[in-house]
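Letters go in sequence order (proteins before strands), and every chain restarts at 1.
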Amino acid sequence: MRFSASIASGCPSLARRVILHLDMDCFYAQVEMIRNPELREKPLGVQQKTLMVTCNYVARKLGVNKCMSIREAREKCPQLVLVSGEDLTHYREMSYKVTGLLEEFSPRVERLGFDENFIDITELVEKRLRDPQCGGAMEASGHVYNQQVPDASDWTHQRLIVGSQVAADIRAAVYSQLGLTGCAGVASNKLLSKLVSGTFKPNQQTVLLPESCSCLINSLNHVHRIPGIGYKTAQRLEALGLGSVSALQSCPITVLEKELGAAVAHRIQMLSRGEDDSLVTPTGPPQSLSEEDSFKKCCTVSDVSAKLEELLRLLLSRLSADGRSAHTLRLTIRQFTPTNKYFNRESRQCPIPVKVAQSMNQGSGSAAVVSALMELLMKLFEKMIDVKMPFHLTLLNVCFSNLKASRSSASSRCSIGFYLTQKKLSENDCGDSETSGFSITTNPAFPEKSGHSACPAGMDGEVSLSLPEDIDMDVFSQLPDDIKKEIIQSPHMTRRSKNIQTKPHAAAAGGIQNFFTRGKSGHGLNSARDEGYSQESLPSPLKKPLRKDSESLRSVSDTAMAPSCTPHTACPQGTEPNVGFAMDCKESVDGDAVSSLPKSVDVNVFSQLPVELQKELMSEWKNQKITPKIQTKKFQDKGKTSKGQRSSAASHPNSLLKYFKPN
DNA sequence: CTGGGGTAGT
DNA sequence: ACTACCC
Ligand SMILES: Nc1ccn([C@H]2C[C@H](O)[C@@H](COP(=O)(O)OP(=O)(O)OP(=O)(O)O)O2)c(=O)n1
Ligand SMILES: [Mn+2]
């Protein structure tokens with residue numbers, strides 16, 4: 001999501017919007033309490049490694065806060081009960097049940113994290129205002145911010161008050177259908193609805209009337225509290241003496257622009273005034289699926305391989321439930337650094353060969369698919385880490401992106417009715433659930449919701465007779481000819497625009513969403529970047545390239561479907577044959593690489609040492625007697641060595657200190 | 001004693 | 001590929 005303040009502010013319809021923000025109470029803890037009701041009356045924390053990521057309200061009364069270290073939480077509350085929350089499966093499933101339920105009220109639902117949703121309830125409110133059954137008494141449900149007294153003759157007040165009633169109904173539905181409590185905020189834009197939803201917690205709701213907007217925004221004691229102003233921007237503002245909201249409001253825009261750039265400057269100043277014209281953008285199915293694990297130390301290739309395979313299997317299982325197939329694979333690592341655990345993540349990505357992608361979706365347990373993807377992952381790994389050198393990882397993340405409707409769900413199981421929807425039908429469908437009670441049949445076939453919103457409908461009224469630009473041609477061209485014709489020619493069908501959906505759960509398996517663009521740009525539709533490219537290939541005058549990368553990342557996958565019984569026989573374009581994980585040195589010398597590594601002697605030294613000494617060092621390092629220095633980017637994925645350096649390196653063992661330090 | 005996720009922009 | 005943002 002993006003809180004934005006820009007061009008659309010002149011649009012009159014924006015001022016009339018009624019936006020609902022729903023934020024579930026202590027979400028992970030609440031899910032755990034549903035799973036085990038005995039935990040309800042106890043102070044409960046949800047633990048991820050050494051972090052307590054959230055806790056229930058019993059614990060909060062005892063002084064425990066979100067995102068506290070386990071140590072600190074236990075100090076404050078020795079009776080604290082901790083449950084592990086490293087596996088997000090249950091939270092993710094409940095999260096999509098909430099979103100799916102909300103989509104029965106309105107198709108305009110935008111997710112933010114696992115437990116927050118924005119809903120544009122403008123149309124629902126207007127429908128209620130027109131409905132004689134709902135006429136008469138105008139009393140707000142829940143709190144009115146700042147105890148402002150509504151003016152019954154004020155149109156805007158009326159709409160917001162009705163909005164608060166819709167919010168109450170929605171919260172009641174979420175509780176009765178799913179057993180979850182949460183807080184709602186109702187206001188005229190996303191920013192204000194989010195801010196106001198947090199003013200009474202837990203399990204309460206608040207509506208903001210426009211006259212109290214400045215009161216709300218100025219109640220924030222620091223700019224960092226404004227959603228959209230994150231850590232970095234807040235630091236810069238602080239340095240400018242603009243730590244307070246009022247200072248930011250009145251700062252000359254030129255001053256902000258100089259430090260932050262025009263776009264950010266304008267946006268955050270609008271936000272500081274409580275203005276936010278960003279639309280509620282229907283989220284749709286996820287654009288990426290990832291699994292990660294962190295640990296104190298991972299320093300052997302076999303351990304890396306085992307951990308990656310576990311992550312991969314989890315992902316494949318989720319992907320097959322999703323019903324789509326992934327076409328891009330990304331590996332992210334974090335190397336140990338004594339300070340600054342963050343900011344040192346590196347990633348490499350590559351395309352997934354079509355044959356692999358197609359097989360991926362059938363069953364999750366295909367050995368051929370697993371081994372093909374494992375080969376890709378290990379090649380990506382070796383693009384970042386020279387496995388002949390010592391390394392110390394603290395995190396691994398595997399991510400599937402570029403998700404597309406798989407062949408089986410796209411062309412054989414789905415008919416044209418899944419791809420397109422008749423306009424009249426979708427219009428009738430979208431508002432009814434609110435007056436007809438809560439007949440929630442929702443049991444999404446897919447936990448993570450390719451199914452939650454797979455039926456596209458053009459709520460914005462666009463009807464296109466020619467093929468729109470934003471249809472993924474790669475996928476479209478694979479359709480049977482008759483389906484193509486039907487899509488192009490059908491005049492009463494409407495193209496999905498801004499990814500707005502009117503029939504939640506209508507299409508069970510992945511399906512059509514991939515033929516249409518998402519809200520903002522052509523995401524997930526095979527853009528070049530999904531195939532992977534190097535940072536240093538970007539034309540940024542401000543950033544100095546760290547290295548040249550003559551290799552195409554794409555080449556990693558060239559042989560991915562080759563018989564995998566002989567691992568590491570593939571030879572990516574431009575590199576030597578992979579020698580596996582042995583200590584052997586590569587033979588060939590890339591002159592350009594050598595000349596670009598004037599200060600790299602320290603790292604290359606290691607591989608020039610006698611194998612005996614190498615093994616000894618490796619052993620000490622694994623026994624934690626010494627620590628490898630971090631592999632710097634200059635040397636990664638090169639593995640090139642110069643014979644000329646050998647003698648000098650071997651005869652100067654002290655240079656080992658350049659890449660090892662005693663513990 | 002700082003998780004494990006996501007989105008969008010550059 | 002990375003940064004910044006959100007939870
Ligand atoms: N940095 C963060 C922030 C949140 N979460 C997870 C745990 C939370 O349970 C869930 C929702 O985040 P919230 O900020 O909404 O926190 P809670 O819902 O737990 O508490 P509250 O009742 O204050 O909303 O997301 C997380 O893993 N890491
Ligand atoms: Mn919450």
Describe the nucleic acid contact of [X] in one word from base, sugar-phosphate, nothing, applying a heavy-atom distance below 4.0 Å.
{"X": "A:Leu331", "answer": "nothing"}
{"X": "A:Glu292", "answer": "base"}
{"X": "A:Glu291", "answer": "sugar-phosphate"}
{"X": "A:Arg318", "answer": "sugar-phosphate"}
{"X": "A:Leu51", "answer": "base"}

*For A:Glu238, salt bridge (charged side-chain N to carboxylate O under 4.0 Å, His left out) partners two or more places apart*: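 If we apply the salt bridge (charged side-chain N to carboxylate O under 4.0 Å, His left out) test to A:Glu238, skipping adjacent residues, there are no hits.
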
*For DNA chain C, what string of dots and brackets results from 5' to 3' when Watson-Crick and G-U pairs need both distances under 3.5 Å, crossing pairs get [ ], and pairs with another strand get |?*
|||||||

Could you state the [atom1]-[atom2] distance from [X] to [N], rounded to the nearest angstrom?
{"X": "A:Met24", "N": "B:dG5", "atom1": "CE", "atom2": "C1'", "answer": "19 Å"}
{"X": "A:Asp115", "N": "B:dG5", "atom1": "CG", "atom2": "C1'", "answer": "12 Å"}
{"X": "A:Met52", "N": "B:dG4", "atom1": "CE", "atom2": "P", "answer": "15 Å"}
{"X": "A:Arg348", "N": "C:dA1", "atom1": "CZ", "atom2": "P", "answer": "5 Å"}
{"X": "A:Gln30", "N": "C:dC7", "atom1": "CD", "atom2": "P", "answer": "18 Å"}
{"X": "A:Met94", "N": "B:dG5", "atom1": "CE", "atom2": "C1'", "answer": "18 Å"}
{"X": "A:Arg334", "N": "C:dC2", "atom1": "CZ", "atom2": "P", "answer": "15 Å"}
{"X": "A:Tyr91", "N": "B:dG5", "atom1": "OH", "atom2": "P", "answer": "11 Å"}

*Comparing A:Ser290 and A:Lys296 on DNA chain B - which has the more 5′ nearest nucleotide*: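 That would be A:Lys296.
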
*Using heavy atoms to find the nearest nucleotide of DNA chain B for A:Arg330 and A:Lys49 separately, return the residue whose nucleotide is more 5′.*
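Going by which nucleotide is closer to the 5' end, it is A:Lys49.
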
May I ask you to verify if any side-chain N or O of [X] is less than 4.0 angstrom from the OP1 or OP2 atom of [N]?
{"X": "A:Lys194", "N": "C:dC6", "answer": "no"}
{"X": "A:Gln287", "N": "B:dA8", "answer": "yes"}
{"X": "A:Arg92", "N": "B:dG5", "answer": "yes"}
{"X": "A:Arg345", "N": "C:dA1", "answer": "no"}

Taking the minimum atom-to-atom distance to the side chain of [X], which one of [options] wins?
{"X": "A:Tyr231", "options": "C:dC7, C:dC5, B:dG6", "answer": "C:dC5"}
{"X": "A:Ser69", "options": "B:dT2, C:dC6, C:dC2", "answer": "B:dT2"}
{"X": "A:Phe114", "options": "B:dA8, C:dC6, B:dG5", "answer": "B:dG5"}
{"X": "A:Ile70", "options": "B:dG4, C:dA4, B:dC1", "answer": "B:dC1"}
{"X": "A:Thr233", "options": "C:dA1, C:dC5, B:dA8", "answer": "C:dC5"}
{"X": "A:Ser347", "options": "C:dA4, B:dT7, C:dA1", "answer": "C:dA1"}

*Could A:Lys232 and A:Phe343 be counted as a cation-pi pair, given that NZ or CZ must be under 6.0 Å from the ring centre and within 45° of the axis?*
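Judged by the rule (NZ or CZ under 6.0 Å from the ring centre, within 45° of its axis), A:Lys232 counts as positioned above A:Phe343.
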
Side-chain donor-acceptor contacts of residues 68-77 of chain A below 3.5 Å, not counting sequence neighbours, with atom names and distances?
unit_1: A:Ser69; atom_1: OG; unit_2: A:Glu72; atom_2: N; d: 3.1

_My understanding is that only residues two or more places apart in sequence, or in another chain, count here; which of them pass side chain to side chain donor-acceptor pair (under 3.5 Å) with A:Arg171?_
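Only A:Asn203, A:Gln205 meet the side chain to side chain donor-acceptor pair (under 3.5 Å) criterion with A:Arg171.
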
*Who are the side chain to side chain donor-acceptor pair (under 3.5 Å) partners of A:Thr89, not counting sequence neighbours?*
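Partners of A:Thr89 under the side chain to side chain donor-acceptor pair (under 3.5 Å) test: A:Asp87.
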
*Contact summary for A:Pro227 and A:Leu271, nearest pair of heavy atoms*: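 So the minimum-distance heavy-atom pair works out to O-CD1, 3.8 Å.
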
*What salt bridge (Lys or Arg N to Asp or Glu O under 4.0 Å) pairs are there with at least one residue in residues 283-294 of chain A, not counting sequence neighbours?*
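Counting only pairs at least two positions apart or across chains, the salt bridge (Lys or Arg N to Asp or Glu O under 4.0 Å) contacts touching residues 283-294 of chain A are A:Lys49-A:Asp293, A:Glu291-A:Arg318, A:Glu292-A:Arg345.
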
_Tell me whether A:Phe295 at atom CZ has more than 12 heavy atoms from other residues, nucleotides or ligands lying less than 6.0 Å away._
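It does: A:Phe295 CZ has more than 12 such atoms within range.
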
_Mutual orientation of the aromatic rings belonging to A:Tyr28 and A:Phe114 [parallel < 30°, tilted 30-60°, perpendicular > 60°]_ =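 Rings of A:Tyr28 and A:Phe114: tilted, as their planes differ by 30° to 60°.
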
